[in-house]
Amino acid sequence: MQFDTPATTNPIDRMKVVGRAHDRIDGPLKTTGRAPYAYEHQGIANQAYGYIVGAAVAKGTIRSINLDAANAAPGVLTIVTAQNAGKLGKGQMNTVKLLAGPQVDHYHQAVALVVAETFEQARAAAALVRVDYARAPGQYDLDEALKGAPLAEGDGGVARVGSFDSAFAAAPVKIDAEYTTPDHSHAMMEPFASIAAWQGDELTVWTSNQMIDWGRGDLAKTLGIPKDKVTVMSPYVGGGFGGKLFLRADAVLAALGAKAAKRPVKLAMQRPMMVNNATHRPATRQRIRIGARPDGTITAIAHESGSGDQPNGGPEAAINQTKLLYAGANRLTAMRLAVLNLPEGNAMRAPGEAPGMMALEIAMDELAEKLRIDPIALRVKNDTQVDPAKPERRFSQRQLVRCLEEGAQRFGWSRRSATPGQVRDGKWLVGMGVASAFRNHMNMTSGARVRLGRDGVVTVETDMTDIGTGSYTIIAQTAGEMMGVPAEAVVVRLGSSAFPVSAGSGGQWGAANATAGVYAACVQLREQVAQRLGIDPATADFTDGKVSGGGRSADLRAAAAGGDLIAEDKIEFDKLDKTYQMATFGAHFVEVGVDAYTGTTRIRRMLAVCAAGRIINPKSARSQVIGAMTMGAGSALMEELAVDKRFGMFVNHDLASYEVPVHADIPHQEVVFLDEADDKANPMKAKGVGELGMCGVAGAVANAVYNATGVRVRDYPLTLEKHLERLPAVV
């Protein structure tokens, strides 16, 4: 199905199943332990266990590896290194090779896999592997590396609209400030884990991956085998946040270990290795300059950001939202990319916008203070319904102002003190903060196969993944709405490369595109059903398990009496996302208390108001947003990968020392979805919310802390030592 004109009235608009709050249909399986995650897949006989040995240096070469003691250890079957693994390639979406040798690119890059009869034997033998390295000097300090670093390539380098320099110089009111964000870890619950089994020259891998087709292609490329010889299975994923978008070392090493041992191999990457072995969100250094008239009209805005990555890596695009969020005739955005020898940086929930809005939304509050204008009023004043760089390109839908104004009313914004540091509750300094939320909507081709069985059950098959986001449920709702049956009458099968290729889970594109692909397949199935029942497909109505039209009515299951009906299609996009700028919007409100004695910050309440097209399942969408809000609070107040600049590694590489929020840190959250349907996005008229819910949260927290204390901190996370000595005097 080609989607190239705005959607008109269609079966989804009935919203008998779609748009209703549904419990997660995979919930009972997960809460009872019956959902098989990658490491738990059953039915594979004679499994051996793998254990990864990671590089002990951050940059250099392997002089030699002594495996004698490890090979002689009890239970050891084989040990795989780059020396005996055969010729290996590099996945298209991997920045560095996943098995080091002889070159080492970063700390804890895999250098060997020990395969043994039991996990304990593999772990014990791995400790006996002796690697001799020739350490080479590396660059691990972002600030130093950015000195003289080149502009990023492509349109991310420098983009200008109008004349920023002259407009900024002439602006009556201006700010010029620098902000920093640290490296962040995905820290998902399920580790990188895989089971690999060969049958002749055909490989099957049960793994934890967000994008089945990407992973399958890069696994085949890495191993140097045809893609059609690889099957990837990932029906349940225990969290990813972008860390499982791409092929990781566990899948490659499990496949190599299984080939060498001539039996299936399972392995789970040990938790202390995950942070340095895999990708992370890169740290940024950002400079924002904004010039405005006394009435708050922005006349000049510039956002420059620098980040680092491995050679041939990419920048953290922290300037993305600044291109589109606020009006302003004269604009400048630029990114610099330094070479760092730390583990590779890549996508983490809301890449670009999350760290970019951590800076931009503080800058907007700083400007509002200089102007003596309410922060919400400033944002409303500079709303735009068109792309500032291309005024002829309108937003398909944009309700940012309504999000801000409705949120202000619900949150009690009028009670906020305009003068920081004035509101006290016992020992607590209390403040409120606000930030806009923005995340682009992306259209991606997505396919599905649907089947109507003789029993009337509708089965959907697509390689879409569920990373804890509720994909099973919204796909069941979509098929149920299209075929006129409840979601409970739909069986959803996900996460297999044997199924049609979907959009996959990532970038907030999964829900809208995957359900649109199911919609397209169901359109084809509806036509088959109607024709089989002798009803005109153009007028057929599918409701309550019956198909009606032209004065006739029949049970849906009757259409499959002679055998299953199967339809397959995909949604494809052409020009609408070029004609219109498509994005999601929101507003985040936060109230904090800061202990006047210790400087400790506690979040008291949070509100998110979101405008993101049709919400397919309000219950799971709310869960997505409150999870994102929690993640944003963590990035504001505690999350930071500490870099050892001597040895080139993240030292807090476990969940004991990499701090994330717990229940006690987040006492009250409220989420509001505006009623809207974007007919230019897709036939579902839906967009995404999972990343929007994080964009701006940290800025709202930072602004609330400033409102509480009168102390402005521009370096995340906002830990107490950064403002303790400057807090108002205790009286």
Verdict with reasoning, His186 to Thr279, per side chain to side chain contact (heavy atoms under 4.5 Å, CB included): CA-CA 8 Å; His186 299 92; Thr279 61; 3.3 Å; yes
Regarding [X] and [Y], does a basic nitrogen lie under 4.0 Å from an acidic carboxylate oxygen?
| X | Y | value |
| --- | --- | --- |
| Lys266 | Glu40 | no |
| Lys97 | Asp105 | no |
| Lys244 | Glu190 | yes |

Using the side chain to side chain contact (heavy atoms under 4.5 Å, CB included) rule, take Phe246 and Asn346 through it: C-alpha gap first, then chi angles, then the decisive distance, then the call. CA-CA 10 Å; Phe246 316 112; Asn346 216 312; 3.3 Å; yes
Backbone of [Y] reached by a side-chain donor or acceptor of [X] within 3.5 Å:
| X | Y | result |
| --- | --- | --- |
| Asp644 | Gly648 | no |
| Gln210 | Gly242 | yes |
| Ser208 | Phe192 | no |
| Asn513 | Ser446 | no |
| Arg130 | Ala70 | no |
| His441 | Thr584 | no |
| Arg216 | Lys227 | yes |
| Gln508 | Glu691 | yes |
| Glu353 | Arg439 | no |
| Ser234 | Thr207 | yes |

If you round to the nearest 0.5 Å, how far is [atom2] of [Y] from [atom1] of [X]?
| X | Y | atom1 | atom2 | value |
| --- | --- | --- | --- | --- |
| Asp309 | Leu142 | CG | CG | 11.0 Å |
| Asn71 | Asp68 | CG | CG | 7.0 Å |
| Tyr37 | Met189 | OH | CE | 8.0 Å |
| Leu67 | Thr78 | CG | OG1 | 9.5 Å |
| Ser185 | Met348 | OG | CE | 6.5 Å |
| Gln286 | Met335 | CD | CE | 11.0 Å |

Find out whether [X] and [Y] are in side-chain contact, i.e. whether some heavy atom of one side chain is under 4.5 Å from a heavy atom of the other.
| X | Y | value |
| --- | --- | --- |
| Arg714 | Glu178 | no |
| Glu361 | Leu325 | yes |
| Leu203 | Leu219 | yes |
| Leu256 | Leu223 | yes |
| Met274 | Met188 | yes |
| Pro351 | Glu316 | yes |
| Ile62 | Tyr133 | yes |
| Leu98 | Arg248 | yes |

Side chains of Thr465 and Ser505, donor plus acceptor under 3.5 Å: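 Result is yes, a qualifying pair exists.
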Checking Thr180 against Asp715: is there a side-chain donor and acceptor pair closer than 3.5 Å? yes
Closest heavy-atom contact between [X] and [Y]?
| X | Y | value |
| --- | --- | --- |
| Met694 | Ser635 | CE-OG, 4.2 Å |
| Leu253 | Leu113 | O-CD2, 3.1 Å |
| Val205 | Ala251 | CG1-CB, 4.4 Å |
| Val80 | Ala85 | CG1-CB, 4.0 Å |
| Tyr140 | Ala58 | OH-CB, 3.5 Å |
| Glu640 | Pro717 | OE1-CD, 3.5 Å |

Side chain to side chain contact (heavy atoms under 4.5 Å, CB included) between Glu144 and Lys645, worked out: CA-CA 11 Å; Glu144 286 297 318; Lys645 297 176 183 178; over 6 Å; no
Take a 6.0 Å sphere around [atom1] of [X] and say whether it holds more than 12 heavy atoms from other residues, nucleotides or ligands.
| X | atom1 | answer |
| --- | --- | --- |
| Glu202 | CD | yes |
| Asp132 | CG | yes |
| Lys262 | NZ | no |

Just say parallel, tilted or perpendicular for the rings of His280 and Phe650, cut-offs at 30° and 60°. perpendicular
Evaluate Asn209 against Val237 for side chain to side chain contact (heavy atoms under 4.5 Å, CB included), listing each step before the verdict. CA-CA 7 Å; Asn209 189 281; Val237 180; 6.0 Å; no
